[in-house]
K.L.:
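Supplied in structure tokens, the structure appears directly below.
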Amino acid sequence: MSENLDKSHINEAGKSKSNESEKSLGGAVECSDEALQKKIKSDASNPQRVQRPHSSPSRFVTVEELLETAKGVTNMALAHEIAVNRDFQIKPVELPEGSLEKKVKEIVHKAFWDCLSCQLSEDPPTYDHAIKLVGEIKETLLSFLLPGHTRLRNQITEVLDLDLIKQEAENGALDISKLAEFIIGMMGTLCAPVRDEEVEKLKDIKEIVPLFRAIFSVLDLMKVDMANFAITSIRPHLMQQSVEYERKKFQELLEKQPNSLDFVTQWLEEASDELMAQKYKHALPAGGGAAGSGDAPMLSPVAVQNYAYLKLLKWDHLHRPFPETVLMDHPRFQELQLQLEQLTILGAVLLVTFNMAAPGISSQANSAEKLKMIVKILLTDMHLPSFHLEDALTTIGEKVCLEVSSCLSLCGSSPFSTEKETALKGQILAVASPDDPIRRIMESRILTFLETYLASGHQKPLPSVPGGLGPVQKELEEIAVKFIRLVNYNKMVFCPYYDVILSKILHRS
């Protein structure tokens, strides 16, 4: 039976040290929000959730509380995404083709630009809408400036002086084309290099209304570029702020749902029990007798946490709920699990092949790399429901044997006999079984590498890879870096909760 976390302890351990901004980034949040809502609905309908050991009575919550909680979760998901995903970028919001929102937007925009066209076609022209657009452009250009851009700020303020532009319009002296030329030139100065081509194309548009439409379109892209630049620039500071922010938001969720750590408790309890069983087994005397009570192995909280994170790479996602504290990274852990499974099979196939064909293949770097690429390509779709591993391994066996025969022929080695070819195909096909000895060895060594990396405190360089993993070392290290980054960040956020839970688990009688 899991126990509730001591809230006073957590509040003290996880107290925020600075004020966090809760401003949403608009369209960028939509994907995080939608995915999170699906996750919440999925977990709510999961039959496993009714088996949760309730240690506190349920209570009614108001609609306001639910809305505030949903907002907190959404903002927390966004902060988490920025902190964990080094490649995170805000993307322009694109409405679905044929959707009602897209049709309404197109109708409204067409009405606006038609109105502007009519005003400019009058005799004399009316510039009310055009001046408003210039004002919006001015504010957008000023928003791109850094504090030290004094000269550019003065230029924009002077040339796009709305009062002066209104006077020129009233006196029939306004040259709208000259203003547009200045705006395009300033955009070229302030835009990222990737937008140079779009800005350059603006110079070829001669009609005022299409030009203004195109200017606003490019400015929207420049806003996204600026936001992404800001995220990259402040990421180190944002990391610390995000840790405190996530912990604070999770504490708020915990206060509304006191049993929100039940699955975490079960997860850590299982890790502790399994790790204790392993250590107790190794602590038994050589004669096989029972160890004395004074010889009972002791577990450290860090070791239990590391083992618990490794368990997430072997998780039964279809039948077991994921621990609450790592729920936002559930898709990432699933992806890592698939990548490791694919890597295990790749490593097992290469190990079998090199052992059978050595030294003719393994000594030739080009041939070994070509073999690896063949196997990787044929395992690319492992994550798809339509993928059949046995069929893929049968094809891989055929391709590998052809490549081995070709390589042996080129290097003047003895040809691959029919018996060896049949044996190699059989060993490759056997890798399809999770109980295959070669596959289990590869899986064990991969997990040992990750465990060693975790225990090393994530220091570079990475630990040396165990024997047999040399051909897949690059792929393994790439996965390891992503895994350690997730684990390290999760520890920074939730360690106060884990420490309290583990203090009860490891000191229970």
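If you're wondering where the values come from, they're calculated on a predicted model, not measured in any experiment. Both backbone and side-chain heavy atoms feed into the values below; hydrogens, waters and symmetry mates do not.
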K.L.:
Please lay out, stage by stage, how Thr325 and Phe250 fare under the test side-chain contact (heavy atoms from CB on, under 4.5 Å).
P.N.:
CA-CA 8 Å; Thr325 53; Phe250 188 82; 3.9 Å; yes

K.L.:
Just jot down the side chain to side chain donor-acceptor pair (under 3.5 Å) partners of Asp316, sequence neighbours excluded, or say none.
P.N.:
His319

K.L.:
Just to verify, what does Thr448 make a side-chain contact (heavy atoms from CB on, under 4.5 Å) with, not counting sequence neighbours?
P.N.:
Ser444, Thr452

K.L.:
Just jot down the side chain to side chain donor-acceptor pair (under 3.5 Å) partners of Glu136, sequence neighbours excluded, or say none.
P.N.:
none

K.L.:
With rounding to the nearest 0.5 Å, note down the distance linking CD1 in Ile505 to OG1 in Thr265.
P.N.:
6.5 Å

K.L.:
Any side-chain to backbone donor/acceptor pair from His149 onto Leu146? Under 3.5 Å, distance only.
P.N.:
yes

K.L.:
Is there a donor-acceptor contact under 3.5 Å linking the side chains of Gln339 and Glu335?
P.N.:
yes

K.L.:
If the condition is side chain to side chain donor-acceptor pair (under 3.5 Å), which residues does Ser272 pass it with, not counting sequence neighbours?
P.N.:
none

K.L.:
When you check the side-chain N and O atoms of Gln278 and Tyr307, is any donor under 3.5 Å from an acceptor?
P.N.:
yes

K.L.:
Answer with yes or no after comparing the ring centroid distance for Trp315 and Phe322 against a 6.0 Å cut-off, counting only values under it.
P.N.:
yes

K.L.:
With Arg439, which residues qualify under salt bridge (Lys or Arg N to Asp or Glu O under 4.0 Å), at least two apart?
P.N.:
Glu341

K.L.:
Are the side chain of Arg445 and the backbone of Val465 linked by a donor-acceptor contact shorter than 3.5 Å?
P.N.:
no

K.L.:
Could you tell me which residues satisfy salt bridge (Lys or Arg N to Asp or Glu O under 4.0 Å) with Lys314, sequence neighbours excluded, listed by chain and number?
P.N.:
Glu443

K.L.:
Can you check whether Ile484's main-chain N or O pairs, donor with acceptor, with Asn488's side chain at less than 3.5 Å?
P.N.:
no

K.L.:
What's the verdict on side-chain contact (heavy atoms from CB on, under 4.5 Å) for Tyr309 and Leu312, showing C-alpha distance, side-chain angles and the deciding distance?
P.N.:
CA-CA 5 Å; Tyr309 285 114; Leu312 297 179; 4.0 Å; yes

K.L.:
With Lys399, which residues qualify under side chain to side chain donor-acceptor pair (under 3.5 Å), at least two apart?
P.N.:
none

K.L.:
If we only count heavy atoms from C-beta on, is the Phe494 to Glu324 side-chain gap below 4.5 Å?
P.N.:
no

K.L.:
Sequence neighbours excluded, which residues qualify as salt bridge (Lys or Arg N to Asp or Glu O under 4.0 Å) partners of Glu274?
P.N.:
Lys311

K.L.:
Could you pull out all residues at least two apart from Glu478 that satisfy side-chain contact (heavy atoms from CB on, under 4.5 Å)?
P.N.:
Lys474

K.L.:
Hey, can you pull the donor-acceptor pairs under 3.5 Å for the side chains in residues 375-391, sequence neighbours left out?
P.N.:
from: Lys376; atom 1: NZ; to: Glu475; atom 2: OE2; distance (Å): 3.2
from: Thr380; atom 1: OG1; to: Lys376; atom 2: O; distance (Å): 3.0
from: Thr380; atom 1: OG1; to: Ile377; atom 2: O; distance (Å): 2.8

K.L.:
Whether Glu252 and Lys249 form a salt bridge (side-chain N of Lys/Arg under 4.0 Å from carboxylate O of Asp/Glu) is what I want to check.
P.N.:
yes

K.L.:
List the atom pairs, with distances to 0.1 Å, where a side-chain N or O of residues 220-228 and a protein N or O form a donor-acceptor pair under 3.5 Å, not counting sequence neighbours.
P.N.:
from: Asp225; atom 1: OD1; to: Arg195; atom 2: NH2; distance (Å): 3.2
from: Asp225; atom 1: OD2; to: Arg195; atom 2: NE; distance (Å): 2.7
from: Asn228; atom 1: OD1; to: Ile90; atom 2: N; distance (Å): 2.6
from: Asn228; atom 1: ND2; to: Ile90; atom 2: O; distance (Å): 3.1
from: Asn228; atom 1: ND2; to: Val224; atom 2: O; distance (Å): 3.3

K.L.:
Can Gln266 and Glu270 be said to form a side-chain hydrogen bond (donor to acceptor under 3.5 Å, both in side chains), step by step?
P.N.:
CA-CA 6 Å; Gln266 292 174 3; Glu270 284 183 16; over 6 Å; no

K.L.:
For Arg440 and Pro434, indicate whether the former's side chain and the latter's backbone hold a donor-acceptor pair under 3.5 Å.
P.N.:
no

K.L.:
Could you pull out all residues at least two apart from Ser300 that satisfy side-chain contact (heavy atoms from CB on, under 4.5 Å)?
P.N.:
Val302, Ala303

K.L.:
Under 4.5 Å between any side-chain heavy atoms of Lys420 and Leu424, yes or no?
P.N.:
no

